[in-house]
Amino acid sequence: MRRGAALLLSGAIGMTGCAQSAGWSEDAVRGEALVQDLGCLACHGPEHGLGPTWSGAWGMPRRLADGSTVVFDAAYVRTSVLEPGAQVVTGFDPVMPSFSLTEDDLAAIVAYLQESG
Ligand code: HEC
């Protein structure tokens with residue numbers, strides 16, 4: 001009886017450890033693969049600098065070339081990907097190509113940007 005309870009308990013602890021190892025939703029994990037496959041990191045990766053870094057960007061205000069300010073959120077990310085010229089970040093050239101992605105892929109990229117940064 002006692003031994004059984006101890007085994008159950010260690011099983012539960014093991015499972016908790018497992019769930020914590022990633023901490024990201026499935027969408028975010030897929031989004032990370034997408035930004036690698038689509039070549040986003042060629043410009044947005046930490047070592048390049050053609051585009052703004054995403055590190056610490058989520059939820060922060062972004063200053064645009066037209067003098068306005070937007071918050072880095074889901075709507076902003078969608079516009080930036082589908083229509084990069086619509087909201088250009090100040091200090092950067094408008095060199096980002098537009099990407100036509102499915103709703104699913106867009107949602108995955110948004111989840112990745114939100115959960116990673
Ligand atoms: C050729 C380089 C290049 C590639 C490839 C590229 N971007 Fe960009 N991106 C930029 C530049 C430059 C800006 C800043 C100017 C602007 O806002 O359009 C930008 C802006 C952005 C912004 C908003 C600006 C901000 O505040 O960070 C997001 C979000 C973004 N890109 C996402 C993506 C995603 C997702 C991909 C891949 C599907 C991608 N970019 C591919 C160059 C690139």
Side-chain angles (χ1 to χ4, degrees):
M1 213 40 195
R2 264 202 168 147
R3 252 177 86 201
L7 275 177
L8 266 179
L9 190 62
S10 67
I13 290 168
M15 274 163 67
T16 313
C18 223
Q20 277 172 344
S21 65
W24 285 1
S25 66
E26 262 177 49
D27 260 2
V29 171
R30 209 164 65 77
E32 183 183 36
L34 276 170
V35 301
Q36 284 165 359
D37 292 352
L38 293 168
C40 315
L41 298 181
C43 295
H44 291 282
E47 69 279 2
H48 288 88
L50 243 189
T53 173
W54 294 326
S55 165
W58 190 266
M60 298 302 284
R62 280 290 207 227
R63 184 111 198 167
L64 302 183
D66 66 5
S68 62
T69 302
V70 290
V71 172
F72 194 108
D73 61 8
Y76 172 64
V77 169
R78 296 169 80 91
T79 308
S80 297
V81 173
L82 299 173
E83 217 184 321
Q87 292 176 307
V88 176
V89 183
T90 192
F92 289 89
D93 292 325
V95 294
M96 177 169 156
S98 71
F99 292 81
S100 49
L101 300 178
T102 62
E103 273 304 306
D104 264 15
D105 287 355
L106 267 177
I109 289 176
V110 165
Y112 164 67
L113 291 177
Q114 179 169 17
E115 292 175 39
S116 69

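Counting convention: from 1, in listed order, for ligands and their atoms alike.
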Chemist: Kindly check if the number of other-residue, nucleotide or ligand heavy atoms within 6.0 Å of CD (Glu83) is above 12?
Modeler: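 Not buried by this count: 12 neighbours or fewer within 6.0 Å.
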Chemist: With respect to atom 8 (Fe) of ligand 1, please indicate if Cys43 possesses an N, O or S atom at a distance under 2.8 Å.
Modeler: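 It does not: Cys43 brings no N, O or S atom closer than 2.8 Å to atom 8 (Fe) of ligand 1.
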Chemist: So do the side chains of Ile109 and Leu38 get within less than 4.5 Å of each other, counting heavy atoms only?
Modeler: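 When only atoms from C-beta onward are counted, Leu38 and Ile109 do touch, with a gap below 4.5 Å.
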Chemist: Between Tyr112 and Trp24, what is the ring plane arrangement, given parallel below 30°, perpendicular above 60°, and tilted in between?
Modeler: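 Because their plane-to-plane angle is over 60°, the rings of Tyr112 and Trp24 count as perpendicular.
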Chemist: Under 4.0 Å from any heavy atom of Val95, which atoms of ligand 1 are there?
Modeler: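 It comes down to these atoms of ligand 1: 1 (C), 12 (C).
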Chemist: Side chain, backbone, both or neither: which applies to Leu101 and ligand 1 if a contact is any heavy-atom pair less than 4.0 Å apart?
Modeler: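 Neither part.
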Chemist: Do Leu106 and Leu82 touch side chain to side chain, with heavy atoms closer than 4.5 Å?
Modeler: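 They are in side-chain contact.
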Chemist: Starting from atom 35 (C) of ligand 1, what is the nearest protein heavy atom, named by residue and atom, and what distance separates them?
Modeler: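 Nearest protein contact, heavy atoms only, for atom 35 (C) of ligand 1 is Val81 CG2, 3.6 Å.
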Chemist: Looking only at protein heavy atoms, identify the closest one to atom 11 (C) of ligand 1 and say how far it is in Å.
Modeler: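 Answer, as residue, atom name and distance: Gly51 CA, 3.7 Å.
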Chemist: Any heavy atom of Pro84 closer to ligand 1 than 4.0 angstrom?
Modeler: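 Pro84 counts as a contact of ligand 1 under the 4.0 Å cut-off.
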Chemist: For Arg62 versus Pro52, what's the shortest heavy-atom pair and its separation?
Modeler: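 For Arg62 and Pro52, the tightest heavy-atom pair comes out as NH2-CB, 3.7 Å.
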Chemist: Check whether any side-chain N or O of Thr79 sits under 3.5 Å from a backbone N or O of Ala75 as a donor-acceptor pair, and report yes or no.
Modeler: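 The answer is yes, because a donor-acceptor pair under 3.5 Å joins these two groups.
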Chemist: What's the shortest distance from atom 13 (C) of ligand 1 to any protein heavy atom, and which residue and atom give it?
Modeler: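 Looking at atom 13 (C) of ligand 1, the protein heavy atom closest to it is Pro52 CD, 3.4 Å.
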Chemist: Can you tell which part of Ser80 has a heavy atom less than 4.0 Å from ligand 1: side chain, backbone, both or neither?
Modeler: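 Within the 4.0 Å criterion, Ser80 contacts ligand 1 through side-chain atoms alone.
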Chemist: Tell me, do Gln87 and Val70 make a side-chain contact under 4.5 Å, heavy atoms counted?
Modeler: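 Touching, per the 4.5 Å side-chain cut-off.
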Chemist: Indicate yes or no for a side-chain donor-acceptor contact from Arg30 to the backbone of Asp104 under 3.5 Å, with no hydrogens or angles considered.
Modeler: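 Yes: the side chain of Arg30 pairs with the backbone of Asp104.
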Chemist: If you define the side chain from C-beta out and look only at heavy atoms, does anything of Phe72 sit under 4.5 Å from Leu113?
Modeler: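 With C-beta onward as the side chain, the pair touches.
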Chemist: Nearest to atom 32 (C) of ligand 1, what protein heavy atom do you find, and at what distance?
Modeler: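 Nearest protein contact, heavy atoms only, for atom 32 (C) of ligand 1 is Trp54 CZ2, 3.4 Å.
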Chemist: At less than 4.0 angstrom from any non-hydrogen atom of Phe92, what atoms of ligand 1 do you find?
Modeler: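 Counting from 1, the qualifying ligand atoms are 14 (C), 15 (C).
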Chemist: What residue and atom, counting heavy atoms only, is the protein's closest point to atom 36 (C) of ligand 1, and at what distance?
Modeler: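 Result: Cys40 SG, 2.8 Å.
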Chemist: Taking only non-hydrogen atoms of Ala42, do any sit less than 4.0 angstrom from ligand 1?
Modeler: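 Outside the 4.0 Å threshold, so no.
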Chemist: Using a 4.0 Å cutoff against the non-hydrogen atoms of Leu50, which atoms of ligand 1 qualify?
Modeler: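 Within the 4.0 Å cut-off of Leu50, ligand 1 contributes 12 (C).
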Chemist: What protein heavy atom lies closest to atom 24 (C) of ligand 1? Include the residue and the distance to one decimal.
Modeler: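 Residue, atom and distance for the closest contact: Tyr76 OH, 3.1 Å.
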Chemist: Hey, are the side chains of Val110 and Tyr76 touching, using non-hydrogen atoms and a 4.5 Å cut-off?
Modeler: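 Answer no - side chains too far apart.
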Chemist: Looking only at protein heavy atoms, identify the closest one to atom 27 (O) of ligand 1 and say how far it is in Å.
Modeler: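 Of the protein heavy atoms, Arg62 NH2, 3.1 Å lies nearest.
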Chemist: Going by the atom numbers of ligand 1, which of them fall below 4.0 Å from some non-hydrogen atom of Phe99?
Modeler: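 Going through ligand 1 atom by atom, the ones under 4.0 Å from Phe99 are 37 (C), 38 (C), 39 (C), 41 (C).
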Chemist: Considering only heavy atoms, does Val89 approach ligand 1 within less than 4.0 Å through its side chain, its backbone, both, or neither?
Modeler: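 Both backbone and side chain of Val89 come within 4.0 Å of ligand 1.
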Chemist: Mark up the atoms of ligand 1 that fall under 4.0 Å of a heavy atom belonging to Asp93, in ascending order.
Modeler: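 That gives atoms 12 (C), 15 (C) of ligand 1.
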Chemist: In ligand 1, which numbered atoms sit nearer than 4.0 Å to a non-hydrogen atom of Gly39?
Modeler: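 By the 4.0 Å cutoff, the relevant atoms are 5 (C).
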Chemist: Can you find a side-chain donor-acceptor pair between Asp66 and Ser68 that sits under 3.5 Å?
Modeler: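 Their side chains do contain a donor-acceptor pair, which is all the 3.5 Å distance test asks for.
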Chemist: Taking C-beta and beyond as the side chain, do Glu115 and Glu32 meet within less than 4.5 Å on heavy atoms?
Modeler: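 Glu115 vs Glu32: side chains apart.
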Chemist: Angle at atom 8 (Fe) of ligand 1: provide the value between NE2 of His44 and SD of Met96, rounding to 10 degrees.
Modeler: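 It is 180°, given to the nearest 10°.
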Chemist: Could you tell me whether some N/O pair between Gln87 and ligand 1 is separated by less than 3.5 angstrom?
Modeler: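 Yes.
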Chemist: Is there a side-chain contact (heavy atoms from CB on, under 4.5 Å) between Trp54 and Val35 once you walk through the steps?
Modeler: CA-CA 12 Å; Trp54 294 326; Val35 301; 4.1 Å; yes
